[in-house]
Protein chains: 2
Amino acid sequence: MRVLVVEDDVELQVAIPAALRSAALAVDLAGDIATADEALWVNTYDCVVFDRMLPDGDSIGYVRSRRQDGWSVPVLFLTAMDQLADRVDGFEHGGDDYLVKPFAVEELIVRVLSLSRRGPTIRPPILRYADVELDTGRREVRRAGVLVTLRAKEFSVLEFLMSRPEQAVSRTELLEHCWDAAADPMSNVVDVTITRLRSRLRGGPDLIQAVRGQGYRLIAPGSAG
Amino acid sequence: MRVLVVEDDVELQVAIPAALRSAALAVDLAGDIATADEALWVNTYDCVVFDRMLPDGDSIGYVRSRRQDGWSVPVLFLTAMDQLADRVDGFEHGGDDYLVKPFAVEELIVRVLSLSRRGPTIRPPILRYADVELDTGRREVRRAGVLVTLRAKEFSVLEFLMSRPEQAVSRTELLEHCWDAAADPMSNVVDVTITRLRSRLRGGPDLIQAVRGQGYRLIAPGSAG
DNA sequence: GTGACGATGACATTTCGATGACACGGAACC
DNA sequence: GGTTCCGTGTCATCGAAATGTCATCGTCAC
């Protein structure tokens with residue numbers, strides 16, 4: 001779990017990261033909103049600890065504007081007692097929390113852990129064609145429910161074909177999407193990989209059709225294509 | 001001892017606080033879940049008395065969702081006889097209690113005092129996969145019930161893997177979530193940490209599978225993966 | 001029938017992951 | 001303040017597995 005701490009107070013710049021690291025969190029530090037903004041574009045964080053008042057402004061304004069762009073990383077605001085009156089400002093977005101200074105580090109840790117955990121659980125898609133299922137998250141392929149183990153290249157090629165079912169895909173396209181720039185366009189790697197793919201999917205009729213002079217396409221026999 | 005009472009019935013709004021104050025408890029009052037939620041973020045309570053049915057919903061849903069974030073203040077649910085059938089719902093969390101309306105105030109006081117005495121034991125969620133339990137609050141890991149001591153980084157990596165069971169997780173993702181910005185993307189820290197993690201979890205079959213070219217995934221042998 | 005394209009088996013090469021040994025740095029403890 | 005210990009990162013090496021190459025064979029279209 002990785003956290004960005006945005007704090008300008010020198011003492012807290014030391015204390016907060018130390019506390020969070022003791023809880024096995026990876027911590028980056030920024031001293032102002034500009035630096036924080038940069039870090040937030042470059043890296044992925046599970047949670048951000050934002051001091052309310054920073055040299056270049058009130059962090060709430062920054063967070064609010066990013067929220068409008070769909071940015072959804074949970075934020076813990078550190079706020080002084082005298083800023084508490086307008087604390088409602090910080091809660092337009094349900095995913096956030098705040099902590100009044102001074103606070104106990106244990107409290108901070110608990111809050112940050114809690115916020116980090118609600119991270120957006122993205123369900124990676126599962127591609128389906130005929131009796132083949134390709135789970136992009138698990139990196140698993142099943143044919144008629146039976147698990148089929150594929151090599152990375154085979155998986156990658158099948159994924160590409162399944163993303164364009166029944167479309168003819170040229171060797172060049174496959175090379176460009178599944179191989180890196182160093183791939184030799186004269187080689188027959190694609191053919192070989194297709195052969196290997198077929199042999200692994202031998203749990204039913206051949207779904208990979210060669211289109212002479214064009215490339216390959218995924219097609220279920222009988223689907224009049 | 002400070003207690004939050006969440007009740008919408010006007011008579012009970014008077015009777016319950018009065019009873020509890022007579023037992024030397026400090027009582028705050030909220031009329032609905034929204035108000036209660038705000039109070040619970042701002043203040044620390046030793047116990048919450050929650051009516052089951054409130055104008056803005058069933059309090060059980062609210063409590064359950066906060067429990068998932070590790071919130072552990074004991075709750076006493078006030079439930080009508082006709083809601084009793086589904087009372088089990090309220091007891092996923094061991095620290096809670098319930099009282100069927102109508103009730104004797106003495107009974108209420110006894111229960112609240114009993115709950116308050118337990119104090120706010122922090123009981124954050126426990127991740128489980130196969131025979132591995134990871135207690136995010138205690139920062140403890142058990143395999144087949146046996147305590148396994150992990151280093152901070154190892155814990156952090158395991159936590160991330162366990163938050164995405166059976167999903168392939170790339171080295172980059174792990175680096176981004178478990179290390180800070182100083183991490184060298186070219187380094188093999190992730191591999192090394194995985195090796196160390198495996199060697200510590202040698203109380204059963206290897207659950208960490210390398211996905212060649214992709215990263216790692218948590219998978220129990222035999223789970224058709 | 002024949003010529004080009006695709007399929008495939010065998011083999012070579014490369015890449016990738018695992019791991020042991022070592023180095024560095026911070027915390028704890030004299 | 002110095003020293004030791006512990007956690008963590010770096011590096012080099014090993015070995016296995018994945019993947020590319022090549023040669024040969026098959027087959028489809030004209």
Side-chain angles (χ1 to χ4, degrees), chain A residues 2 14-15 17-27 139 141 148-161 168-172 174-202 205-217 219, chain B residues 139 141 148-158 161 168-172 174-175 177-202 205-219:
Chain A
R2 186 160 167 197
V14 176
L20 296 178
R21 289 198 180 106
S22 77
L25 294 159
V27 182
R139 300 247 125 204
V141 172
V148 174
T149 36
L150 298 184
R151 308 282 165 242
K153 273 281 142 58
E154 293 155 17
F155 186 94
S156 163
V157 166
L158 181 60
E159 186 179 10
F160 191 74
L161 288 174
V169 175
S170 73
R171 288 182 174 70
T172 311
L174 282 166
L175 267 182
E176 281 175 356
H177 280 91
C178 305
W179 276 262
D180 60 33
D184 175 8
M186 285 293 108
S187 135
N188 72 338
V189 258
V190 175
D191 302 55
V192 172
T193 307
I194 291 284
T195 294
R196 290 173 179 156
L197 199 43
R198 279 178 174 146
S199 82
R200 297 210 190 251
L201 289 175
R202 281 198 181 130
D206 185 11
L207 297 172
I208 305 175
Q209 186 184 54
V211 183
R212 214 174 169 84
Q214 294 298 310
Y216 297 94
R217 69 175 189 153
I219 186 81
Chain B
R139 312 252 111 202
V141 173
V148 174
T149 38
L150 297 184
R151 308 285 161 241
K153 271 282 140 60
E154 292 156 14
F155 185 93
S156 174
V157 167
L158 182 61
L161 288 173
V169 176
S170 72
R171 290 182 173 69
T172 311
L174 284 166
L175 267 182
H177 284 275
C178 304
W179 276 263
D180 57 33
D184 175 7
M186 285 292 110
S187 132
N188 72 340
V189 256
V190 175
D191 302 54
V192 173
T193 307
I194 290 284
T195 294
R196 290 172 178 157
L197 200 43
R198 279 178 174 147
S199 81
R200 298 213 190 249
L201 290 175
R202 281 201 182 129
D206 186 9
L207 296 173
I208 305 175
Q209 185 187 53
V211 182
R212 206 177 169 92
Q214 289 303 314
Y216 297 93
R217 67 194 284 231
L218 210 64
I219 186 83

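Every heavy atom of this structure was used, including side-chain atoms; hydrogens, water molecules and symmetry mates were not. Sequence lines set the chain letters: A, B, ... in the order given, protein chains first and strands last, and positions in each chain run from 1.
Distance A:Asp191 CG to D:dC22 P: 14 Å, rounded to the nearest Å. In this structure, the CE atom of A:Met186 is 15 Å from the C1' atom of C:dA4, given to the nearest Å. Rounded to whole Å, the distance from CD on A:Glu154 to P on C:dT8 is 13 Å.
In this structure a side-chain-to-backbone donor-acceptor pair under 3.5 Å is missing from A:Ser156 to A:Ala152. At distances below 3.5 Å, at least one donor-acceptor pair connects side-chain atoms of A:Arg21 with backbone N or O atoms of A:Val27.
Look at A:Arg198 and you'll find a side-chain N or O under 4.0 angstrom from OP1 or OP2 of C:dA7. Contact between the side-chain N/O atoms of B:Trp179 and the OP1/OP2 oxygens of D:dG9 is found at a separation under 4.0 Å.
Checking each of A:Thr195, A:Ile194, A:Val157 against A:Ile208 for a side chain to side chain contact (heavy atoms under 4.5 Å, CB included) leaves exactly one that passes, namely A:Ile194.
At a threshold of 4.0 angstrom between heavy atoms, the contacts of B:Arg212 include nucleobase atoms, whether or not backbone atoms are also involved. In this structure, A:Tyr216 reaches the sugar-phosphate backbone alone: every heavy-atom distance under 4.0 Å involves primed, P, OP1 or OP2 atoms, never a base.
Nearest-nucleotide positions on DNA chain C place A:Ala210 closer to the 5' end than the other of A:Ala210 and A:Arg196.
Distance from the side chain of B:Val192 is smallest to D:dT10 among D:dT21, D:dT10, D:dT8.
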